Participant: 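Below is one structure. I have some questions about it.
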Amino acid sequence: MAEMIFAGFGGQGVMSMGMMLAYAGMLEGKNVSWIPSYGPEMRGGTANCAVVVTSDEIGSPFVTDPDVVVAMNLPSMDKFEPRLKKGGLLIYNSSLIEREGGRDDIEVIGIPANEIASELGNSRVANMVVMGALLAKTGVAKPESVKDALRKVLPAHRHDLLPVNEQAMERGAEYVSKDR
Amino acid sequence: MAEMIFAGFGGQGVMSMGMMLAYAGMLEGKNVSWIPSYGPEMRGGTANCAVVVTSDEIGSPFVTDPDVVVAMNLPSMDKFEPRLKKGGLLIYNSSLIEREGGRDDIEVIGIPANEIASELGNSRVANMVVMGALLAKTGVAKPESVKDALRKVLPAHRHDLLPVNEQAMERGAEYVSKDR
Amino acid sequence: MKVVFQRPTALTERQTHYCPGCTHGIIHRLVAEAIDELGVLDKAVGVASVGCSVLAYEYFNCDMQQAAHGRAPAVATGIKRVHPNNIVFTYQGDGDLASIGMAEIVHAAARGEKITVIFVNNAIYGMTGGQMAPTTLVGQKTTTSPYGRQAEHCGYPVRISELLATLQGAAYVTRVSVHDVPNIRKAKRAILKAFEVQQKGLGFSIVEVISTCPTNWGMTPLEALKWAKENMLEYYPLGEFRTPEEVK
Amino acid sequence: MKVVFQRPTALTERQTHYCPGCTHGIIHRLVAEAIDELGVLDKAVGVASVGCSVLAYEYFNCDMQQAAHGRAPAVATGIKRVHPNNIVFTYQGDGDLASIGMAEIVHAAARGEKITVIFVNNAIYGMTGGQMAPTTLVGQKTTTSPYGRQAEHCGYPVRISELLATLQGAAYVTRVSVHDVPNIRKAKRAILKAFEVQQKGLGFSIVEVISTCPTNWGMTPLEALKWAKENMLEYYPLGEFRTPEEVK
Amino acid sequence: MPKVEFERERCKGCELCVSVCPTKIIFMDEKINKKGYRVATVTEMDKCIGCAMCATICPDVVITVYK
Amino acid sequence: MPKVEFERERCKGCELCVSVCPTKIIFMDEKINKKGYRVATVTEMDKCIGCAMCATICPDVVITVYK
Amino acid sequence: MAKQLMKGNEAIGEAAIRAGCRYFFGYPITPQNEVPEYMARRLPEVGGVFLQAESEVSAINMVYGAAGAGARVMTSSSSPGISLKQEGISYIAGSELPCVIINIIRGGPGLGGIQPAQSDYFQATKGGGHGDYRLFVFAPASVQEMVDLIMEAFDIADYYRNPVMVLGDGTLGQMMEPVEFKEPKKRDLPPKDWATTGAKGRKRNIINSLSLVAEQLEEHNWKLQKKYQHMKEHEQRWELYKCDDAELVLAAFGTTARIVKSVVNQLREQGIKAGLLRPITIFPFPDKAFAQLPDTVKAFLTVEMNTGQMVEDVRLAVNGKQPVHFFGRTGGIVPTPAEIIAKAKEIMGGVR
Amino acid sequence: MAKQLMKGNEAIGEAAIRAGCRYFFGYPITPQNEVPEYMARRLPEVGGVFLQAESEVSAINMVYGAAGAGARVMTSSSSPGISLKQEGISYIAGSELPCVIINIIRGGPGLGGIQPAQSDYFQATKGGGHGDYRLFVFAPASVQEMVDLIMEAFDIADYYRNPVMVLGDGTLGQMMEPVEFKEPKKRDLPPKDWATTGAKGRKRNIINSLSLVAEQLEEHNWKLQKKYQHMKEHEQRWELYKCDDAELVLAAFGTTARIVKSVVNQLREQGIKAGLLRPITIFPFPDKAFAQLPDTVKAFLTVEMNTGQMVEDVRLAVNGKQPVHFFGRTGGIVPTPAEIIAKAKEIMGGVR
Ligand SMILES: Cc1ncc(C[n+]2csc(CCOP(=O)(O)OP(=O)(O)O)c2C)c(N)n1
Ligand SMILES: Cc1ncc(C[n+]2csc(CCOP(=O)(O)OP(=O)(O)O)c2C)c(N)n1
Ligand code: SF4
Ligand code: SF4
Ligand code: SF4
Ligand code: SF4
Ligand code: SF4
Ligand code: SF4
Ligand SMILES: [Mg+2]
Ligand SMILES: [Mg+2]
């Protein structure tokens, strides 16, 4: 069972990141749920979603003490880091966040997601860089499942974007494996 | 305690008859209540009101088993005669109602109210003819009180109508006293 | 000997509850005659509103729905969208249509909803005992404008036909009156045309009919006709405000 | 060196929640400038409606009430009747005013209610994520007209200014736009005039402002201004539809 | 010969028919019907021209006209 | 000499000011503010004519103009 | 002051005016039309404003505006019209504005009929609108009591900054009884310094029910609850009639209670120890009255002009300690003493 | 059929379409906008009609018209919008028309907030409109269950000729979960020979809720009550979870019940024998479930996202036999397992 929160600015793709992961979990036959934050704070402000992926029945789909937090910007890290379970995992976007996380009872990984995405020539795939890292660190879903999910979710005329997304995931995975 | 129902066509003045009596009762320091039927049946159709005049506190102002029924037209008589208490009083307008009442456990009085009113030169005071009869038969209020009430309820510019109304009451009272 | 005038079959046998001389009765008959003449009685679905004509469902001899106060155009929309080939009409008073039902009538017209609205403007709330309507004339006394309607206090009467005529979806908008026989005949033609507009799928159609309320105006039926003619027609000019080419 | 342009005092310091380039911000400022110039900040009572401008009560630096969706004119009426000497205005979107609030705006105008209405027409429901409004242009795609608005299905956009101009109580009715600087300046003058009409007790005043919604139109702010100019102005011609003699 | 028929019990005595009859042959009966209304009636039926003005204005569809 | 002042943290980077400046001196900064927006700014302030076109169209009252 | 014979609806208007109400926004509907009609005549005489709104929706929102502007304001309607006001009522309660709302109930559901009924009890007491709010609800049983309660209602509304509803049925609105306008009990009321009167010389005021931050909205909700709790503790009102030794307690509100009072007397004549518990406030519901009843009570009988609404509150108050029975008539039919007596005997037969 | 990952609101739309719903009249409001948006896209594809009404008032009256015309029709809204529909709902219930109404509840009262809440329980179950009517009300706890119930809801509506409401909170509308569209249980339904389709070849039909004769209106009311009684006897639904030996039974509906399910497990880990009673129909309320609980039960704890509404129905069902406690969060705040556990322990401490 993995209870996760994805958070960042609107436009950083945190909602679709969570959705993709839930989709992948479902493709693997797991029980999944995805709950978005919604409302006016999404306009310009920050957005987040809560994802549960588990082989058991999902009782509460609400995530109060996440196992994993992905923070794509500083306000998100400030908000969700304290909620992490002891021993949980915080992945943050070090391209936009300068501080390093203040807890020592959790695992913390910073990834320069925007830089890596820019290197790939598409700044919009920063989220998939983090996705790759997340999968590599947690194994919550297979990268192949996420790629399948991507294929199903992206409309056909956007399938040209598949390769760069997949590369982004791979670079993210590489980054965390070489990193530690 | 007197529980009374006044019923007739809209326009025959049954509502104001009841109201006047309630007013008179109040002027005599009694407890009174007046409940009108209301709604579309009043348009063209029949109308009625329920009046209670009593020295005691009024429990229910609804009149289910009246002591007195005043019926100004046939449908009203058909409707309310059966509800009269045993020993109760039915006063009906014999100018418009040909049948005589079907119960022998009540007192029944027919008054040619329209004829008497026409004799007085104002067909609209038929109701006050009946009022006079009612007061004479029951003593539920003093004729003076009703006259006072009339004076208070009629706007000043209509006070020229007072004499004919008073005459009507007197003729009604006479009719029932000479009648039996 | 031929019958030259008789009860239309689109009216039930039921006697109306309207006051003596109330022109609601005339308008009912005109609508029924139009339905008869077009032969659409078994396709017609009428919507009764809340006002003196609330019991219209007892009088029109076709399928009927009774709508909440002001909402007849929405109810008619629901019906028409389900049965686009039926002839759907509403019958509404001025309190119903021009006061509480303003949003519904404007939007039905704006949508070009293919329904026909019979709008009975008697400048007052008849059913509830003579309160002021949005159509009550300036100076007119009603139970809620006991000192006469004052423009400074509650504005000017709404001219529904003129207002709806600003909407492109309103295909046919006309105002007629039933204060005398020639006008009754014209009103009949307008109602026929309105149904025709619906049959041809040209859009929304409304016939505003200047009507009377002898009871709440405090007049005899005859005085009421006269009052309607002399006072209402000036503020509410008769005529067609929008007519589609196809029925001109 | 003199300040020639600065934040009006009738705006609070609070940053708006509007999307980048949304012209709601411009219109807020114009209203605030008008209030400043007339010196009525401490007499002004604003009514925020439900739409993206729901938080207007955080931005205007005067007494404010937040009204239910569409009901701002009724709320303003309540306020104005209690305090006839205050300056009462509503700030409403097109979904709010022209859809759910149609009855309220028409009747406030018909009553000649002495309030000022700022009507922000961006041809869409911004707040709720881009659904069709009664003002959405034919062919325009929205989340509830995903195949483009089809006149045959849901009619033609409502021209509020033209519609209200049929009402005698509507003293001042005008349509302006904020798609470029000259028009912004004209819009400002219109808003000033509308408040003036209220101050003079001449009746109901409304300024319809053609506005943008870059977010839900799916455009950059600049593209949105261009789209407004090129597509909206044709259907919604600018100009004064009713002007009292006193302010001509 | 033209003629009119009144359905007595439907008549509400509004007198609108009386007011429009070009031949002035409709008058109000003294007797009331069950609802209590004086009803409209015609005695000089031969004067009727079958114009149906009366029926056209009658709000209660009381009148049938033959010609 | 005319000049403009931008309140950086209020700017939402909509670029409307850029589009109307007759002297074309407004451009978007590379750096983002706390909300994550690239902000409008002027470097060649001496070219500013104080026309306030930028401020007039700015939806966020970012700009103060001096003359 | 001398007694006057007044129609319930007109007495409502007069009572409001004497309580300082100067603004009325309403829309005609039977059986309460005499309220707006009376106000239309009288308010201009006392310098107030009567305005007929275009609908009940508009009327309640005018009330919102006027209440927010600091006025004493009232609206009145009957069942379908009250349903239309539900959104507005929720806004008024949410924004904590004082006002008085009259519902002269008629038979439902839908267009129903125009005869008297009590079938809007749930709507009034549980909140027909959305969200966790409560109205303060009075249920007078006579024209005099209605007058007294309305005169107090404005103070209560101001005191709690909460809408007060007065429920009557069609009979109460239409009937005439003698009334006396007595000086009502006054409360100490703080100035309405929150009202939107123009911000001259003070910080601006905002009337609002929106709270986009969930934590703030929750706090607001608990604040409202505290207010309702306060009402429950301090404002319950009821009348007990012959309950001291009662074995059967009949519970009834409004005009129905008057019938039941007669029934109590008749039952006692027939040897059944009956009593009447008449809630005068139905929110807050008089639980306390039930707690005070003697041990003699063996059963309850709730009588209503509906299919069983207040009976739920009675059951909640009794909490299983005694059986609670119900007798109701609907659609505009007023229960007769005879049928209530029959029901009571049936119950007491069972209990004995 | 394979499972699909779907947003609750979109699943509502799809479920309705698969149940044969071809007409949708609605008005946008957060957090249910995806319902009309989905319908706008999908209905034309299946030959149906999506129409955005000018308001919720208009939408519900379009539903009335379409339902009266014999169609399967739905509308959807959230709290303030549902308040506006109350008059129309009362008309639909009064005229005995079938339709499905969705309320994706947000925090109230007034404009409130847009976060999830359950504060419209009273409105849904006791009747927010006027008169004695009831909605059949489902309270699903997951997207899958919502889909299943909605697919059944249309049959139930037709079966009883009564509006069916489906209550969800904002979370249920916004969340994504895998769903499968299974063939729903079908009922034997009579033809809609009462619908206004044009009177060709038959007697004309009338859709109406007016009854000016009190006796007729009363008869109509008792007829409605009989229907509701039938629902109470035959349609109660609930889920029991680990109640067999439970000492503390937690009662919760909708998404809150899912949190409570986790809580039950955690409490059991901590040695407290807890169970969950989850009403699936909230009208008819599952009294029967309470009657079936084992003797081990010492207390109840109702958990809601409101200030205490369903708890009244729980109290009525328990009828004083055990204490009934309440824990609630409001305004868009979802209760956490930790705080529910703390409350449960407090109670069980007290009981032991
Ligand atoms: C929601 C609601 N509000 C008010 C009423 C009461 N009401 C019934 S009819 C009517 C006015 C009718 O006037 P109009 O539409 O002009 O019809 P008329 O009787 O004049 O023909 C009103 C206000 C109601 N039934 N429902
Ligand atoms: C009764 C009710 N219905 C619906 C809503 C949801 N709602 C909020 S804003 C809005 C539309 C706003 O559009 P518009 O008025 O055009 O303002 P904009 O956001 O475009 O400025 C709607 C439908 C609501 N809050 N209340
Ligand atoms: S009250 Fe007026 S409109 Fe109604 S039936 Fe009587 S005359 Fe006609
Ligand atoms: S959604 Fe549209 S109208 Fe609303 S703030 Fe954003 S751009 Fe402006
Ligand atoms: S048909 Fe013509 S002439 Fe004959 S009675 Fe009627 S109006 Fe008179
Ligand atoms: S017009 Fe008709 S109802 Fe009136 S008097 Fe003549 S016949 Fe009778
Ligand atoms: S004031 Fe004029 S010149 Fe100066 S920056 Fe602004 S737009 Fe450009
Ligand atoms: S117009 Fe204003 S908000 Fe937009 S970029 Fe320029 S300064 Fe920034
Ligand atoms: Mg009328
Ligand atoms: Mg808009």
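Naming: A, B, ... by sequence-line order, numbering from 1 per chain. Just so we're clear, the structure is a prediction, and the values are computed from it rather than from any experiment.
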Participant: In Å, rounded to the nearest 0.5 Å, how long is the span from CD of G:Gln115 to CD of H:Glu215?
Facilitator: 9.0 Å

Participant: Does G:Pro109 offer a backbone N or O that forms a donor-acceptor pair with the side chain of H:Ser90 under 3.5 Å?
Facilitator: no

Participant: Taking 4.5 Å as the heavy-atom cut-off, does anything in residues 117-129 of chain H contact chain G, and if so which residues?
Facilitator: H:Ser119, H:Asp120, H:Phe122, H:Gln123, H:Lys126, H:Gly127, H:Gly128, H:Gly129

Participant: Less than 4.5 Å to any heavy atom of chain G: does that hold for the side chain of H:Glu312, its backbone, both, or neither?
Facilitator: both

Participant: For chain H, which candidate among G:Ile89, G:Leu210, G:Leu84, G:Asn103 shows the most heavy-atom pairs at distances under 4.5 Å?
Facilitator: G:Leu210

Participant: With distance as the sole test, does H:Asn221 use its side chain to make a donor-acceptor pair with the main-chain N or O of G:Gly108 at under 3.5 Å?
Facilitator: yes

Participant: Are more than 12 heavy atoms, taken from residues, nucleotides or ligands other than G:Glu219, located less than 6.0 Å from that residue's CD atom?
Facilitator: no

Participant: Counting heavy-atom pairs closer than 4.5 Å to chain G, which one of H:Pro80, H:Gly308, H:Ser78 comes out on top?
Facilitator: H:Pro80

Participant: Using modelled atom types only, decide if a donor and an acceptor are shared between the side chain of H:Ser209 and the backbone of G:Leu111 within a distance under 3.5 Å.
Facilitator: yes

Participant: G:Thr307: which residues meet the side chain to side chain contact (heavy atoms under 4.5 Å, CB included) condition with it, sequence neighbours left out?
Facilitator: G:Thr330, H:Asp132, H:Trp222, H:Gln225

Participant: Please find the pair of heavy atoms, one from G:Gly332 and one from H:Ala214, that lie closest to each other, and give the distance.
Facilitator: C-CB, 4.0 Å

Participant: Considering only heavy atoms and a distance below 4.5 Å, find which of G:Leu316, G:Val57, G:Ile82, G:Asn306 pairs most often with chain H.
Facilitator: G:Leu316

Participant: Top residue by heavy-atom pair count (under 4.5 Å) with chain H, among G:Glu56, G:Glu87, G:Gln86?
Facilitator: G:Glu87

Participant: Does any N or O in the side chain of H:Ser83 come within less than 3.5 Å of the main-chain N or O of G:His130, such that one atom is a donor and the other an acceptor?
Facilitator: yes

Participant: Can you tell which part of G:Arg329 gets under 4.5 Å to a heavy atom of chain H, answering side chain, backbone, both or neither?
Facilitator: both

Participant: Could you have a look at H:Gly320, H:Gly107, H:Ala93, H:Gly94 and say which one has the most heavy-atom pairs with chain G under 4.5 angstrom?
Facilitator: H:Gly320

Participant: Quick one: what part of G:Ile105 sits under 4.5 Å from any heavy atom of chain H, side chain, backbone, both or neither?
Facilitator: neither

